[in-house]
Number of protein chains: 2
Amino acid sequence: MAVTMNDVARAAGVSLKTVSNVLNNYEFIRPATRQKVLDAIAELGYEANLTARSLRSGKSRMLGLVVSDLSVPYYAELASRLMTVAAARDYRVLVEQSAATRANELTALQGSLSQLTDGLLFTPLVLDADAMAAARRGTKPLVMLGEHIDDPRFDQVTMKNVGAAKAMTAHLLAGGRRRIAVIGASPGDRAGSPGLRLAGYRAALAAAGVDFDPALIVPAEWRRDGGASAVARLLEGGQPFDAVFGLNDALALGAMHELVLRGIRVPEDAAVAGFDDIDEARFSSPSLTTVAPGMNEIAERCVQLLIDRIEGSEKAASGVHVEAEFELRIRGSAPAARVSQLPQTGTSPTPTPTPAAEGKVDP
Amino acid sequence: MAVTMNDVARAAGVSLKTVSNVLNNYEFIRPATRQKVLDAIAELGYEANLTARSLRSGKSRMLGLVVSDLSVPYYAELASRLMTVAAARDYRVLVEQSAATRANELTALQGSLSQLTDGLLFTPLVLDADAMAAARRGTKPLVMLGEHIDDPRFDQVTMKNVGAAKAMTAHLLAGGRRRIAVIGASPGDRAGSPGLRLAGYRAALAAAGVDFDPALIVPAEWRRDGGASAVARLLEGGQPFDAVFGLNDALALGAMHELVLRGIRVPEDAAVAGFDDIDEARFSSPSLTTVAPGMNEIAERCVQLLIDRIEGSEKAASGVHVEAEFELRIRGSAPAARVSQLPQTGTSPTPTPTPAAEGKVDP
DNA sequence: CCTGCATTCTGCAACGATGTAGCTGAGAGA
DNA sequence: TCTCTCAGCTACATCGTTGCAGAATGCAGG
């Protein structure tokens, strides 16, 4: 019922294969012939059948994206940009949610997703490098996102976790904070986002000559409620602190919510910093100081890398590792200079002037 | 290179078609034969080639989802649930972003997306019903999401916009508010989400005998910054108000952010209400009173409806219209009773006890 | 004039599944 | 005993495209 290449061929008075050649930009076709075919295509409203093309050629021009949960703002924004970048290269993105379970990550890797796509962008959360290597079937390209796995066998696009966490911690120190709680890690974490960011934190403390206090490191699920309950535990534990570094924005926002709820002023009593620069960080009250991990760059680089692998233009034998540049977004929850502990001034609706002080500390 | 049905057939000593029959649960196969085939499948690790199946059968077991921008939290959460619901019926979801442009909506409707999928879940934002009807090619099922279009020709799953906005407005009125600004609509809006929600607002005012003041209706882009700048304009316009009803949560959160920034206390000086109940509404400061529009129900019903259309089990000739039930989520930004206008208590970082005062003002 | 090569186009055979038709043998009914 | 039916299977064509091999043409070089 749909118009096929055969119909076009008949209408243009050429062979089926010539139509195919026109569509695939085959070099040696006389302009006149090409035009006849294009006219026939336009007249009949022909559109290539992607399924047949995919069956025959073995390529689908689709990329698979595996994340734990698309409703997590970071992943939603990432997916959105990946789609845009991929579309510019004439690829689509097919998303699959793993819910961060081992079984789902395995099926995403081995199951029909990889069959339907030409390559995978994978955010591993439970599988480790060996499990991934073992589970990987066939030879379709695979690019890892995030920092759960760091292994030379895999291509990988990630953010500068250590450097960014160090810079943010240095910023808090420069603001006069000395007891900076970290939410979302355990003191012993060494790997993955928590471990790397914690390492950055410790590096900054060391550089500033401030002692590391494990009591300030509070584990939590990386969600808003995790941030809120971590702050609750911190307060109930009686540990004094003058800043909270949430290892992602959700944690930081949850933490800030809980602080405000308990009457602790942000940033006067405690500064709050996050990581990710999700859209809502700009619109919280106060707006959240955070790390912009270069999501645009991440999206561009990983799609680029994956497509280059697919099309064979990236030839590096072992894993290519890309780290995107980050930027600090200094906003109200942890401004550059510590706001002096003013008695509250009351209800003035005038904007507080931003202190221009530049406390550049640093290595 | 991959294992095909032919390999399985050879291994099991049956014909190609018998393997196909086993896979498709054809009724008349001797248990012994079936078992032989299943054994061969297991032994060879055969997996059906979905592309070939799709080419031959004309079905892909994929649903297309068209939204303007996946990074909008409402769409992200919706997409996430749709995928989960679809997966339970053994369907996948392929997402496409329209950026709310006419051209993109048209290509989403006519282009390769509909070719790759068995049916479309479509959130129209710029196309109207006639344009949709005209643009629609072929006969693949199409279910509309949202309220931009309301037309008996189309299947449609939506929320109770009028009822929910009316209930929320009634809640604000019950809290003693009388000058309720609405952000995200023009006074003349009649259709689409803005028009419907505005209608609910007006209905509630009328029911309470409160006059409608067009000066309180402020148009804005449905984003956080739109909410923030709308509040700014409202304040600069000098219109007094004691509540803000953002027609979605992003607007409300942006508005709340701007209010707090300008020293206006929420909810003491102005209550704030939203619409959508996105996850972050619970975690703002104060947490946001909003309408939960029944997203779970929407996700379930629309996937159900679309798949039923695809599989032929829904036979209604004209459009099926479904409205999901809503619930009000009463939270800090607009509590049930109006908090009395306390003088500020000062600098204590200890948690402020929640005032138990019940100043039930009201109609 | 023939050969060789680039150019332009065609035909056939796949890709890996499913639909349709038809064959076979066993048991039921006359 | 001879149909007739139908469970259980097989064979072949087909979905719409692309890869491969090769045919036909024109033109340069010997």
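Numbered from 1 within each chain, the chains take letters A, B, ... in sequence-line order.
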What's the verdict on side-chain contact (heavy atoms from CB on, under 4.5 Å) for Tyr75(A) and Thr123(A), showing C-alpha distance, side-chain angles and the deciding distance? CA-CA 10 Å; Tyr75(A) 291 133; Thr123(A) 310; 3.5 Å; yes
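Straight-line distance from the CG atom of Leu50(A) to the C1' atom of dC15(C): 16 Å, rounded to whole Å. Protein atom CG of Leu116(B) is 13 Å distant from nucleotide atom P of dT17(D), rounded to whole Å. Taking atom CG on Asp7(B) and atom C1' on dA17(C), their separation rounds to 13 Å, with Å as the unit. dA17(C) atom C1' lies 15 Å from atom CD of Glu47(B), rounded to whole Å. With rounding to whole Å, Asn25(B) atom CG is found 11 Å from dT18(C) atom P. Taking atom CZ of residue Arg10(A) and atom P of nucleotide dG16(D), one finds them 12 Å apart after rounding to whole Å.
His148(B) places no side-chain N or O within donor-acceptor distance of the main-chain N or O of Ala191(B), the cut-off being under 3.5 Å.
Salt bridge present: Asp7(B) and Arg10(B) bring a charged side-chain N and a carboxylate O closer than 4.0 Å.
Evaluation of the side-chain hydrogen bond (donor to acceptor under 3.5 Å, both in side chains) rule for Arg53(B) yields no partner, not counting sequence neighbours. Shown here are the side-chain contact (heavy atoms from CB on, under 4.5 Å) partners of Asn296(B), two or more places apart in sequence or in another chain: Arg81(B). Legend: residues meeting side-chain hydrogen bond (donor to acceptor under 3.5 Å, both in side chains) with Thr107(A), ordered by chain and number and at least two apart, are absent.
OP1 or OP2 of dT18(D) has at least one side-chain nitrogen or oxygen of Asn24(A) nearer than 4.0 Å.
Direction of the helix axis in the helix from dC1(C)-dG30(D) to dA30(C)-dT1(D) shifts by 50° between the two five-pair termini, rounded to 10°.
The stretch residues 94-112 of chain B participates, sequence neighbours left out, in these salt bridge (charged side-chain N to carboxylate O under 4.0 Å, His left out) pairs: Arg92(A)-Glu96(B).
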Per-nt protein contacts along nucleotides 5-15 of chain D (heavy atom under 4.0 Å; B base, S backbone sugar-phosphate only, - none) come out as --SSSBB-BBB
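For the atom pair CG of Asp155(B) and CG of Leu305(B), the computed distance is 4.5 Å after rounding to the nearest 0.5 Å.
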